[in-house]
Amino acid sequence: MRRFRWVRGVVVVGLAEALVGVVPGGVAAAPARGRCRATAFVSNVGRGTVATIDVKTRTKDPTDIPVGSTPVEVAFTPDGKTAFVTNRDSGTVSTIDVKTRTKNPTDIPVGGFPLEVAIPPCHR
């Protein structure tokens with residue numbers, strides 16, 4: 001069984017919905033599926049958005065994904081299909097469909113000032 005360490009930073013996800021790597025200071029890592037385009041997800045604390053960057057070309061998508069107030073941390077489900085973003089000032093967690101890069105319209109209220117999020121691997 002592989003174990004992963006959760007830390008802060010940028011996560012790299014491929015367009016095939018698989019997490020393909022972690023930029024130093026990143027969140028989590030999972031095995032990659034072949035032939036996918038690596039994408040970094042970056043929380044923009046001051047703007048209330050998540051930016052995406054094509055890792056190979058080092059270009060930022062011009063359209064950021066709006067989330068809650070003061071997004072801090074990003075984590076991905078083990079299958080790499082959903083990103084969870086903690087929104088410190090709104091006390092919520094936003095979810096993003098990684099493939100379509102769209103946010104679920106309903107944030108999850110968690111209260112307080114959520115800073116970090118961790119998703120353990122599934123145990124069967």
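Being a predicted model, the structure only gives us computed values, none of them experimental.
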>> Thr82: which residues meet the side-chain hydrogen bond (donor to acceptor under 3.5 Å, both in side chains) condition with it, sequence neighbours left out?
In response: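 side-chain hydrogen bond (donor to acceptor under 3.5 Å, both in side chains) check on Thr82 returns nothing, list empty.
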> Mind checking what makes side-chain hydrogen bond (donor to acceptor under 3.5 Å, both in side chains) contact with Thr70, not counting sequence neighbours?
Replying inline: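 By the side-chain hydrogen bond (donor to acceptor under 3.5 Å, both in side chains) rule, Thr70 matches Asp89.
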>> Could you check whether any side-chain N or O of Ser43 sits under 3.5 Å from a backbone N or O of Glu73, counting only pairs where one atom can act as donor and the other as acceptor?
In response: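 It does not hold such a pair.
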For [X] and [Y], which heavy atoms make the closest approach, and how far apart are they?
X: Val74; Y: Ala83; answer: CG1-CB, 4.2 Å
X: Ser90; Y: Gly68; answer: OG-CA, 3.9 Å
X: Pro78; Y: Pro121; answer: CG-CA, 4.0 Å

> Taking atom types as modelled, is there a side-chain donor on Thr102 or Asp97 under 3.5 Å from an acceptor on the other?
Replying inline: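 No pair is found: no donor N or O on one side chain lies under 3.5 Å from an acceptor on the other.
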> With distance as the sole criterion, is a donor-acceptor pair present between the side chains of Arg101 and Thr63 under 3.5 Å?
Replying inline: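 No - no donor-acceptor pair under 3.5 Å links their side chains.
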>> Quick one, Arg88 with Leu115, criterion side-chain contact (heavy atoms from CB on, under 4.5 Å). Give me CA distance, side-chain angles, the key distance, then yes/no.
In response: CA-CA 6 Å; Arg88 186 191 72 196; Leu115 295 178; 3.7 Å; yes
Identify each donor-acceptor pair in which a side-chain atom of residues 48-57 lies under 3.5 Å from a protein atom, sequence neighbours left out, and give them as a table.
| residue | atom | partner | partner atom | Å |
| --- | --- | --- | --- | --- |
| Thr49 | OG1 | Asn44 | ND2 | 2.8 |
| Asp54 | OD1 | Lys56 | N | 2.9 |
| Asp54 | OD1 | Thr57 | N | 3.0 |
| Asp54 | OD1 | Thr57 | OG1 | 3.3 |
| Asp54 | OD2 | Arg37 | NE | 3.4 |
| Asp54 | OD2 | Arg37 | NH1 | 3.0 |
| Thr57 | OG1 | Thr59 | OG1 | 2.7 |

> With Pro114, which residues qualify under side-chain contact (heavy atoms from CB on, under 4.5 Å), at least two apart?
Replying inline: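 Scan of Pro114 (side-chain contact (heavy atoms from CB on, under 4.5 Å), adjacent residues dropped) gives Thr86, Val110.
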>> Using 0.5 Å steps for rounding, measure from the OG atom of Ser94 to the CG atom of Asp107.
In response: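 Nearest 0.5 Å value for the OG-CG distance: 3.5 Å.
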